[in-house]
Amino acid sequence: MTPENIVGVVFIGILVLAFVGVALKERVQQKHVFLNKLRREWGNAPSGEWTVEELESISHYTRRREKGRFKVDDITWNDLDLDSVFLQMNSTVSSCGEDYLYSLMRLPEFDPEILKERDRLMEFFRSHKQEREKVQLMLRLIGKRKGYSVSDYLEAMGTAPVRSVVRYVIQAVLAGAAIILFFFSPLAAVAALVLMLCVNGITHYQESQKIEPYLSCLSCILRLLKAAELMGNCKIPEISRYSEKIREASGPLQKIRRKCVMLVSAKGADLGAAAIFAYLNSYFLLDFIQFYRVARLLEDQMGRVETLLEQFGILDASIAVASFREYLPLWCRPEFVSPEEKVRIQAEDLYHPLITEAVANSIQAEGGILLTGSNASGKSTFLKTVALNAILAQSIYTCMASSYQGTLVKTMTSMALRDDLQGGESYFIVEIKSLKRILAEAEKGQPLLCIIDEVLRGTNTIERIAASSRILASLRKENVLAFAATHDVELTYILEKLYHNYHFEEEIRDNQIFFNYQLQRGRAASRNAISLLEIIGYDPKIVAEARKAAEDFEQQGVWKPLC
């Protein structure tokens with residue numbers, strides 16, 4: 001071997017060792033950064049922002065699971081701002097986890113045993129830091145991708161193109177020959193190396209534009225398999241049923257991962273080595289060769305991949321809820337009553353997790369609850385609190401209360417509605433359609449919790465009272481627990497034999513209005529709307545005449561004409 005060849009070999013050896021050393025150092029550093037972040041954020045609301053498009057992507061996994069199941073519909077989800085609640089607890093470290101956590105909230109569970117198993121997992125992870133972090137380090141290999149969920153990748157993989165790899169193999173062989181040529185003619189090798197860098201680089205750039213989404217899909221699956229290999233060998237008895245399912249599902253798929261070592265690393269599954277293998281893939285076209293060879297193999301194995309997604313999702317979501325429980329100032333496990341009992345909810349110190357220093361309220365409700373009070377007194381927030389806790393009880397087995405007992409129910413709301421400008425529908429049309437879906441669900445005979453804020457606010461007073469009283473009366477069924485808020489005190493009299501009356505009230509002191517947000521029994525008795533006109537400086541004559549007109553109407557039941 002000539003001195004030039006020896007120098008070339010030594011140079012290549014030093015280069016390889018340098019790359020390996022940098023990769024190992026980077027991997028160790030990233031592990032420490034990751035663990036520090038986990039420990040810093042444990043028991044706190046997660047940081048970060050999500051776009052509407054990203055939240056939409058996260059919801060796609062739910063569509064794959066919802067067949068034949070009750071789903072919290074879009075109206076209820078938006079009424080309760082459940083996107084914000086989801087983000088408050090989404091400290092998951094993998095796309096599987098956040099997809100599954102969202103799905104838990106969107107698809108309430110009606111089997112108490114399943115809910116108790118979720119609680120067992122959550123509490124195990126909450127009290128076992130070492131095991132929790134061990135699992136999270138495995139889940140970290142799956143990671144998250146902004147804008148796309150694992151479910152999106154799996155669905156897209158089914159449309160991957162099929163192509164022969166002969167062309168790519170020939171170019172890879174020529175690229176390898178250019179390196180081997182170094183041992184015989186360094187000058188010729190340099191020319192050949194530059195030529196193949198250009199040819200393969202251009203090919204890689206052009207082809208990547210066409211199949212990059214599919215390469216990302218396969219890379220995502222390979223990340224799952226890498227994590228599955230570690231999880232399948234995990235020796236944590238408390239999660240053995242999940243690790244066993246992962247091992248069974250991933251076993252036949254591991255040969256696919258072994259055929260794609262370079263592709264895994266190129267797409268970041270082996271953290272720290274991504275840059276090195278990206279260059280190698282670009283030069284040898286290995287990612288294309290590996291992709292087309294395994295794409296066909298995956299066609300009949302996607303069910304196993306779905307199993308991996310679900311099992312990883314369960315573990316990651318359980319850890320996120322455990323952290324959420326640590327974050328809450330007060331929480332309890334729900335107690336579900338027998339299906340033979342009346343549909344009811346009994347809760348102490350119920351509060352809303354999105355409200356800082358929230359005022360807690362207690363309620364014992366069955367049949368129907370009619371809620372009155374002025375604007376901003378707390379009616380809508382209380383209704384949302386009831387509905388939200390009912391959903392969380394049947395999804396993450398966690399309620400924001402000191403105690404919660406109730407029936408397993410379907411939860412539906414009609415609250416924060418808007419005009420449908422694109423559909424050309426007025427507020428009133430949107431509202432009556434929203435109410436109709438609740439009435440239709442009530443007819444099915446299954447336990448239903450329905451929450452309605454300001455029934456038929458989109459029409460005139462006479463028709464509103466006439467129609468809303470009949471709608472609310474029709475909801476007084478054995479299988480329905482109905483909550484409704486209204487400004488129409490007349491409804492509290494019309495429906496007093498069907499609904500229990502509760503109210504929120506305010507107090508005016510020193511020309512200021514104060515709300516205590518405490519739920520009170522009975523109908524609202526205060527009349528402070530006109531007083532508020534006086535507080536903010538309306539003409540005293542207008543205030544005095546308005547107050548006199550209200551008193552006359554209450555006594556005579558007739559509005560006097562103005563002239």
**Request:** Working to the nearest 0.5 Å, report the span between CD1 of Ile239 and CD of Glu131.
**Result:** 9.0 Å
**Prompt:** Taking NZ, NE, NH1 and NH2 as the nitrogens, is one of them in Glu117 or Arg120 under 4.0 Å from a carboxylate oxygen of the other?
**Reply:** yes
**Prompt:** With a 4.5 Å heavy-atom cut-off, do Trp42 and Arg126 have their side chains touching?
**Reply:** yes
**Complete:** Residues Leu472 and Ile452: closest non-hydrogen pair is CD2-CD1, 4.2 Å
**Request:** With side chain to side chain donor-acceptor pair (under 3.5 Å) as the test, would you mind laying out the steps for Thr62 and Arg106 before giving the verdict?
**Result:** CA-CA 7 Å; Thr62 301; Arg106 205 74 196 250; over 6 Å; no
**Message:** Set out, in order, the CA-CA distance, both residues' side-chain angles and the distance that settles side chain to side chain donor-acceptor pair (under 3.5 Å) for Thr76 and Asp79, then state yes or no.
**Reply:** CA-CA 5 Å; Thr76 303; Asp79 281 348; 5.4 Å; no
**Request:** State, with a plain yes or no, whether a side-chain heavy atom of Ile391 is found less than 4.5 Å away from one of Val85.
**Result:** no
**Request:** Kindly compute the distance separating NE2 (His60) from OH (Tyr102), expressed to the nearest 0.5 Å.
**Result:** 9.0 Å
**Asked** Does the ring of Phe34 carry Arg140 above it, NZ/CZ under 6.0 angstrom from centre and within 45° of its axis?
**Response** yes
**Item:** Qualifying residue for side-chain hydrogen bond (donor to acceptor under 3.5 Å, both in side chains) with Ser362, from Gln346, Gln518, Glu348
**Value:** Glu348
**Request:** Name all pairs fulfilling the ring-ring contact (aromatic ring centres under 6.0 Å, His included) condition that reach into residues 339-388, sequence neighbours left out, sorted by first residue then second.
**Result:** Phe382-Phe504
**Item:** With sequence neighbours excluded, residues passing salt bridge (Lys or Arg N to Asp or Glu O under 4.0 Å) with Lys116
**Value:** Glu113
**Item:** Short N-O contact, Asp99 and Arg65, less than 4.0 angstrom
**Value:** no
**Message:** Counting the benzene-type ring for Trp, do Phe86 and Trp77 have ring centres under 6.0 Å apart?
**Reply:** no
**Message:** Distance check, rounded to the nearest 0.5 Å: Asn389 atom CG versus Tyr404 atom OH?
**Reply:** 6.5 Å
**Asked** Between Gln405 and Arg344, does any side-chain donor sit less than 3.5 Å from a side-chain acceptor?
**Response** yes
**Prompt:** Is there side-chain contact between Val455 and Thr486, with at least one heavy-atom pair below 4.5 Å?
**Reply:** no
**Item:** Beyond-backbone contact of Met302 with Ile221, side-chain heavy atoms, under 4.5 angstrom
**Value:** yes
**Prompt:** Between Arg523 and Glu490, does at least one N-O distance fall below 4.0 Å, as a salt bridge requires?
**Reply:** no
**Lys/Arg-Asp/Glu bridge criterion (N-O < 4.0 Å) met for Lys245, Glu310** = no
**Item:** Within-4.5 Å side-chain heavy-atom neighbours: Leu388 and Leu82
**Value:** yes
**Message:** How long is the straight-line distance from NE2 of His503 back to OG of Ser377, given to the nearest 0.5 Å?
**Reply:** 9.0 Å
**Item:** Atom CD1 of Ile462: over 12 foreign heavy atoms under 6.0 Å
**Value:** no
**Message:** Let's go through Thr492 and Asn501 carefully: what are the C-alpha distance in whole Å and the side-chain angles of both, what is the deciding distance for side chain to side chain donor-acceptor pair (under 3.5 Å) to 0.1 Å, and is it a yes or a no?
**Reply:** CA-CA 7 Å; Thr492 66; Asn501 283 306; 4.7 Å; no
**Prompt:** Is any side-chain N of the basic residue among Arg63 and Glu56 closer than 4.0 Å to the acidic one's carboxylate O?
**Reply:** yes
**Residue pair Glu41 / Ser91, side-chain heavy-atom distance below 4.5 Å** = no
**Item:** Salt bridge present between Glu441 and Lys444 (N-O < 4.0 angstrom)
**Value:** yes
**Item:** Aromatic plane relationship, Tyr100 with Tyr61 - under 30° parallel, 30 to 60° tilted, over 60° perpendicular
**Value:** tilted
**Asked** Which atom names give the shortest non-hydrogen contact between Ala524 and Thr372, and what distance separates them?
**Response** N-OG1, 2.9 Å
**Prompt:** Passes side chain to side chain donor-acceptor pair (under 3.5 Å), Thr92 versus Lys144? Steps please.
**Reply:** CA-CA 9 Å; Thr92 57; Lys144 295 182 181 180; 3.2 Å; yes
**Item:** Test item: Leu224 and Phe312 side chains (from C-beta on) under 4.5 Å apart, heavy atoms
**Value:** yes
**Fill in**
Note: Lys541 and Asp539 closest approach over all heavy atoms is N-OD1, 2.8 Å
**Asked** So how far is it from Leu519 CG to Leu350 CG, rounded to the nearest 0.5 Å?
**Response** 10.5 Å
**Closest heavy-atom pair and its distance - Glu505, Gln520** = OE2-NE2, 4.2 Å
**Asked** Can you tell me how far the CD1 atom of Ile345 sits from the CZ atom of Phe483, to the nearest 0.5 Å?
**Response** 5.5 Å
**Complete:** All heavy atoms of Pro334 vs all of Cys399, minimum pair found to be CB-SG, 3.9 Å
**Fill in**
Of all heavy-atom pairs linking Met122 and Ala322, the shortest is O-CB, 3.3 Å
**Message:** Using side-chain heavy atoms (C-beta onward) and a distance below 4.5 Å, is Phe110 in contact with Lys410?
**Reply:** yes
